[in-house]
Trainee: 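Here you go, one structure.
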Amino acid sequence: MSLQLYDTATRSVRDFVPREPGKAGIYLCGVTVQSPPHIGHLRSGVNYDVLRRWLEYRGLAVRFIRNITDIDDKVLKRALDEGVPYWSIAYRNERLLDDAYDAVGVELPTYEPRATGHIPEMHELIQRLIDRGHAYVTDAGEVYFDVSSWPEYGALSGQKPDEMRRQSSEPPAPDKRNPLDFALWKGVKPTEPQDAYWPSPWGRGRPGWHIECSAMTWRYLGEEFDIHGGGRDIQFPHHENEVAQSKAAGFGFARFWVHNGPLNMAGEKMSKSIGNVVGLPELAAHGIRPAELRYYLAAPHYRSVIDFSYEALEESAAAYRRVEGFVQRAVEQVGVVDPGPVCADFVTAMDDDLNTPRAFAALHEVVRDGNAALASGDRTAVAGALAGVRGMLGLLGLDPLSTLWREAASDDLRSTVDKLVAHALERREQARAGRDWSTADAVRDQLKQAGVLIEDTPHGPRWTLADDTTDGSS
RNA sequence: GGUGGGGUGGCCGAGUGGCUUAGGCAAGGGCCUGCAAAGCCCUGUACGCGGGUUCGAUUCCCGCUCCCACCUCCA
């Protein structure tokens, strides 16, 4: 059994065979950093992070490129609105995005190139398209891709150019030969920030929206590579235009197109332009931890629609805490056990187009067995379950014991709190020994007021910190 | 108008022509506990609507309906 992946270009699930044995090159269309990131962006980040981890588990050395598009119409408009350089906007949002990825445990890409760092590659690519008769230069110094020169145009997104609706809010560019032609290079406009331009063979200007991805895939992954990923919402026009210009330039380009589903908000897409966005700060205000968000984003299949709601998010958080609770209790009983082999159901599920819902089901079954082993005191079984659970959680980026999810100060504080709690528990145990339940319960209530939850186990009492969402510690 | 994806039990969310059926959350019952918490066991309520194929369809086919996305900037 090997990995099978759904490929948008062929609309089918196919065996994933790397171009070069033992290696995989992935390009993920990152974000246009026009505004702070929302959890729709994080879904994309988490989905491809899981794909990457799975490819690595399958023994592939993954080169993972995730770009930053740091110049486009929206960024420039915002710069004008705020009266600051466009690149300060892009940089500010890029940092927020990286922090957010970091918070939800998305591993660093192999490299994260920026569009504006690749102007020479764009020029080379554009010149190549002009030379091959797939692009033309207008009197205004703009360069357009000639869609009519590329018969495959529309194949990726299933669109037929003749049947596409011609509705554009923008006034049509007068020099375009065909409304579908798209800009490779845009000329200087007096209404735009004047620090947003570079010299080019066709006059001063700036890149069109799609050319940066073609340039950066070329630079970092070569003319042909394994997987191109991105959100389904940019399949057209962005990916269609990308594949057109790259293939017209003579490149093999992406062998697999992977598209993740959207994250909706009350039935509508979460989108910067609609303004219904939720980011990490809002979730933190609801007491949702980043790991719980990651669980929520990773548990449904990556191609399905997630209709965001706090109710569903709370359910995921509860499910994650169940798994986390097992790991904590297991470690208390048998000590830290390294991540071990994962169960066959998990592997089968992940190989089947990353069927994370089934993978999570497999995880929960092992957790249940592990809990039963804890109850029966079967330490060998506990250790085995812990190893398997950690193995699976690691591949999903959710291992509570990974350094990722440990709050910086918590370890130091923990031993301090442990000593204080031990005193209180000693008093409580004395009271319990004398069957003085009211005193025993009073101690437990006091600790609860302080946010420390006490549970009695066959091995004696244990304590945990109350979740932030529970309001009992006020 | 064109293209694609969907409507599964109280909620989230897989899956399959019948055979044991996901898994989680919530609910009820039980075990455990001084009580609790956690955990374990058990329980119920499903496959948008109407036809068809079939011994048998939630799963295949047809029609209908509703929802979403894309065709315009958006992961």
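By convention in this document, chain letters (A, B, ...) are assigned in the order of the sequence lines, proteins followed by strands, and residues within each chain are numbered from 1. Scope of the values below: all heavy atoms of this structure, side chains included, with no hydrogens, waters or symmetry mates.
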Trainee: Quick one: on RNA chain B, does A:Arg428 or A:His210 contact a more 5' nucleotide (nearest heavy atom)?
Mentor: A:Arg428

Trainee: With heavy atoms under 4.0 Å as the rule, sort A:Ala361 into base, sugar-phosphate or nothing.
Mentor: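 Base contact.
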
Trainee: On a plain distance test, is the side chain of A:Arg444 in donor-acceptor contact with the base of B:C35 below 3.5 Å?
Mentor: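 Indeed, a donor on one side and an acceptor on the other fall under 3.5 Å apart.
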
Trainee: Step through it carefully: locate the ring centre of A:Tyr220, locate the ring centre of A:His118, and say whether they are under 6.0 Å apart.
Mentor: yes

Trainee: Let me see the working for A:Arg321 and A:Glu292 under salt bridge (Lys or Arg N to Asp or Glu O under 4.0 Å), right down to the final yes or no.
Mentor: CA-CA 8 Å; A:Arg321 285 197 292 270; A:Glu292 293 164 348; 3.1 Å; yes

Trainee: Has A:Arg329 got more than 12 heavy atoms of other residues, nucleotides or ligands less than 6.0 Å from its CZ?
Mentor: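 Result for CZ/A:Arg329: enclosed.
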
Trainee: Summarise protein proximity over nucleotides 2-16 of chain B in one line of letters, 5' to 3': B for base, S for sugar-phosphate only, - for none, counting protein heavy atoms closer than 4.0 Å.
Mentor: BS-------BSSSS-

Trainee: Among A:Phe256, A:Trp257, A:Phe253, which one satisfies ring pair (Phe, Tyr, Trp, His ring centres under 6.0 Å) with A:Phe225?
Mentor: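 Going through the options one by one, the only one that passes is A:Phe253.
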
Trainee: For the ring pair A:Tyr48 and A:Phe64, is the centre-to-centre distance below 6.0 Å?
Mentor: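 No, ring centres 6.0 Å or more apart.
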
Trainee: Treat primed atoms plus P, OP1 and OP2 as sugar-phosphate and everything else as base, then score nucleotides 37-48 of chain B 5' to 3': B for base contact with protein heavy atoms under 4.0 Å, S for sugar-phosphate contact only, - for none.
Mentor: BSSSS-------

Trainee: If pairing requires Watson-Crick or G-U wobble contacts with both distances under 3.5 Å, which nucleotide is the partner of B:A27?
Mentor: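 For B:A27, the partner nucleotide comes out as B:U43, under the 3.5 Å rule.
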
Trainee: Taking the side chain of A:Glu365 as its heavy atoms from C-beta onward, which of B:C25, B:A22, B:A75 lies nearest to it?
Mentor: B:A22

